[in-house]
Protein chains: 2
Amino acid sequence: MSLRHAVLGLLAERPASGYDLMKRFESSLSNVWPATQSQVYGELGKLATAGLLTVAAEGPRGRKEYAITEEGRAELHHWLIETEPERFRRSEVLLRVFFLGSVSRFEAHTYLELEAARSDRFHEALKDLEGSVEWGDDQMSVYGRLALEYGLRQTAMQAEWARWAARQI
Amino acid sequence: MSLRHAVLGLLAERPASGYDLMKRFESSLSNVWPATQSQVYGELGKLATAGLLTVAAEGPRGRKEYAITEEGRAELHHWLIETEPERFRRSEVLLRVFFLGSVSRFEAHTYLELEAARSDRFHEALKDLEGSVEWGDDQMSVYGRLALEYGLRQTAMQAEWARWAARQI
DNA sequence: ATTCTACCTTCCACTCTTGACAGGTCAATC
DNA sequence: GATTGACCTGTCAAGAGTGGAAGGTAGAAT
């Protein structure tokens, strides 16, 4: 249900075509809410039909620029403020932990150490990202930075936990 | 693709019926990999057809007790040791952060404080769970505890982050 | 003897997600 | 003038997950 709101949220900043949105999904949102082309275009159609978006302009190459409507803004605001986010859901990493009893202790230990190393790598990748992005004063910069900090803390926590867990076995 | 392995993992410990599995999905796995009845029964059928499970016994009320086969164990081991877990999943909480720029600063601040409170509540709920479970020496106890500790660290981190983020605005 | 509760499976209709295929056009470069 | 590459939209099949309805049986309690 959240792809709908992701699209609304991106269009709330400024109008864009499906193609533009895809690029933003691939860059800033890829780690938070990935989406494919077919999903984005499909959702744009549905949202336009529902009146939460309109085709503001048509450009070359059949480009359709979508803009959010007042109704769309109201829906976005409602979702953001008046509904509770789904708490944390599926985690393949944790699922595996539950079944570590079905392999040898050595293998379990190795798995957790590997997991720690993977978390470290991801942590470094995020740090690199932080260094490479041009942070401005726009909406995406300010709040994107908060999200990035979350990622940094998350990966650090994961690495620590995995090392701790490996020691427990 | 992981529901398949969740079912295999549970059956690796001991044979069970679909009904039994559902209870274990509802209790221990609910926070890590939720599944509905229709999914579980469907997957059992597919896995049996594929030869990774067999119907070990039939009981009263049409009960079918499934047991994992050697082939199933091999697949579970392969998944656990030789494949990489999906790293980052979707996070509705973070998605919202990206769009906090479309509401007032006050609302954004309130949202983050609320998020901190929600994380605290979840943290406490996990602590209660930890206190109420009878921890034994079995597979699920040992490794379930590792997963629980992850949850505790995760919720603590979330609360800290949300308070920090609220201060940034 | 009846009723209740827990046990147990199957099916269906829907949405969300993935991955690919298919096509067309503008603008600049060689 | 031809090629290339970025731009741009659309559709389809299949899998994964959600939610609920439907239906039947064994055993325990009243």
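All values derive from a computational prediction rather than experimental measurement. Each chain gets a letter, A, B and so on, in the order its sequence line appears, and its residues count up from 1.
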Peer 1: Can you tell whether the side chains of B/R118 and A/E84 come within less than 4.0 Å, N to carboxylate O?
Peer 2: yes
Peer 1: Under 4.0 Å between a Lys/Arg side-chain N and an Asp/Glu carboxylate O for A/E92 and A/R90?
Peer 2: no
Peer 1: Quick one: is B/Q39 getting a side-chain N or O under 4.0 Å of the D/dT18 phosphate, OP1 or OP2?
Peer 2: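 Yes, within the criterion.
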Peer 1: Cation over ring, A/R4 on A/W79, under 6.0 Å and within 45°?
Peer 2: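 That pair does not qualify as a cation-pi contact.
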Peer 1: Using OP1 and OP2 only, check whether a side-chain N or O of A/R89 sits under 4.0 Å from D/dT18.
Peer 2: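 Answer is yes, contact under 4.0 Å.
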Peer 1: What is the distance, rounded to the nearest whole Å, between atom CD of A/E26 and atom C1' of D/dC8?
Peer 2: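 It is 13 Å, rounded to the nearest whole Å.
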Peer 1: Could you pick out which residue, A/P60 or A/S2, lies toward the 5' side of DNA chain C when each is mapped onto its nearest nucleotide?
Peer 2: A/S2
Peer 1: Is B/R145 paired with B/E149 through a side-chain N to carboxylate O contact shorter than 4.0 Å?
Peer 2: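 The answer is no: the pair does not qualify as a salt bridge.
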Peer 1: Which part of the nucleic acid, if any, lies within reach of A/T36 when heavy atoms closer than 4.0 Å are counted: base, sugar-phosphate only, or nothing?
Peer 2: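 Base: the residue A/T36, judged by heavy atoms under 4.0 Å, touches a nucleobase.
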Peer 1: Would you indicate what A/R90 reaches in the nucleic acid, counting non-hydrogen atoms under 4.0 angstrom: base, sugar-phosphate, or nothing?
Peer 2: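 A/R90: backbone/sugar contact only, no base atoms under 4.0 Å.
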Peer 1: Would you kindly check whether a donor in the side chain of B/S38 faces an acceptor in the base of D/dG17, or vice versa, at under 3.5 angstrom?
Peer 2: no
Peer 1: Take atom CD in A/E82; do more than 12 heavy atoms of anything else shown fall under 6.0 Å from it?
Peer 2: yes
Peer 1: Between D/dC7 and C/dA22, how far apart are the two C1' atoms, rounded to whole Å?
Peer 2: 16 Å
Peer 1: Taking any atom under 4.0 angstrom from a heavy atom of chain B, which nucleotides of DNA chain C are the first and last to qualify, 5' to 3'?
Peer 2: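 The footprint of chain B covers C/dA6 to C/dT18.
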Peer 1: So which pairs with a foot in residues 131-150 of chain B pass ring-ring contact (aromatic ring centres under 6.0 Å, His included), sequence neighbours left out?
Peer 2: A/W161-B/Y150
Peer 1: Output the rounded distance in Å from CD (B/E43) to P (D/dG15).
Peer 2: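 The distance from CD of B/E43 to P of D/dG15 comes to 11 Å, rounded to the nearest Å.
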Peer 1: Between atom CZ in A/R63 and atom P in D/dG10, what is the gap in whole Å?
Peer 2: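 It works out to 13 Å between those atoms.
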Peer 1: Mind checking if B/M1 touches a base, just sugar-phosphate, or nothing, with heavy atoms under 4.0 Å?
Peer 2: sugar-phosphate
Peer 1: In whole angstrom, give the distance that lies between atom CZ of A/R61 and atom C1' of D/dT4.
Peer 2: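 It works out to 13 Å between those atoms.
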Peer 1: To the nearest angstrom, how far is A/L95 atom CG from D/dA16 atom P?
Peer 2: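 Taking atom P of D/dA16 as the reference, CG of A/L95 is at 14 Å.
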Peer 1: Looking at B/E115 and A/R87, is any side-chain nitrogen of the basic one under 4.0 Å from a carboxylate oxygen of the acidic one?
Peer 2: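 Salt bridge between A/R87 and B/E115, a charged N being under 4.0 Å from a carboxylate O: yes.
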Peer 1: Let me spell it out: for each of B/Q37 and A/R4, pick the nucleotide of DNA chain C with the closest heavy atom. Which residue's pick is nearer the 5' end?
Peer 2: B/Q37
Peer 1: Nearest whole angstrom, please: distance from the C1' of D/dG5 to the NZ of A/K23.
Peer 2: 13 Å
Peer 1: Can you tell me the distance, in whole Å, between the CE atom of A/M22 and the C1' atom of D/dC7?
Peer 2: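 Nearest whole value for this atom pair: 13 Å.
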Peer 1: In whole angstrom, give the distance that lies between atom NZ of A/K46 and atom P of D/dT9.
Peer 2: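 These atoms are roughly 17 Å apart.
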Peer 1: Please determine if a side-chain N or O atom of A/K64 lies less than 4.0 Å away from the OP1 or OP2 oxygen of D/dG10.
Peer 2: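 It does, given that an N or O in the side chain of A/K64 lies less than 4.0 Å from OP1 or OP2 of D/dG10.
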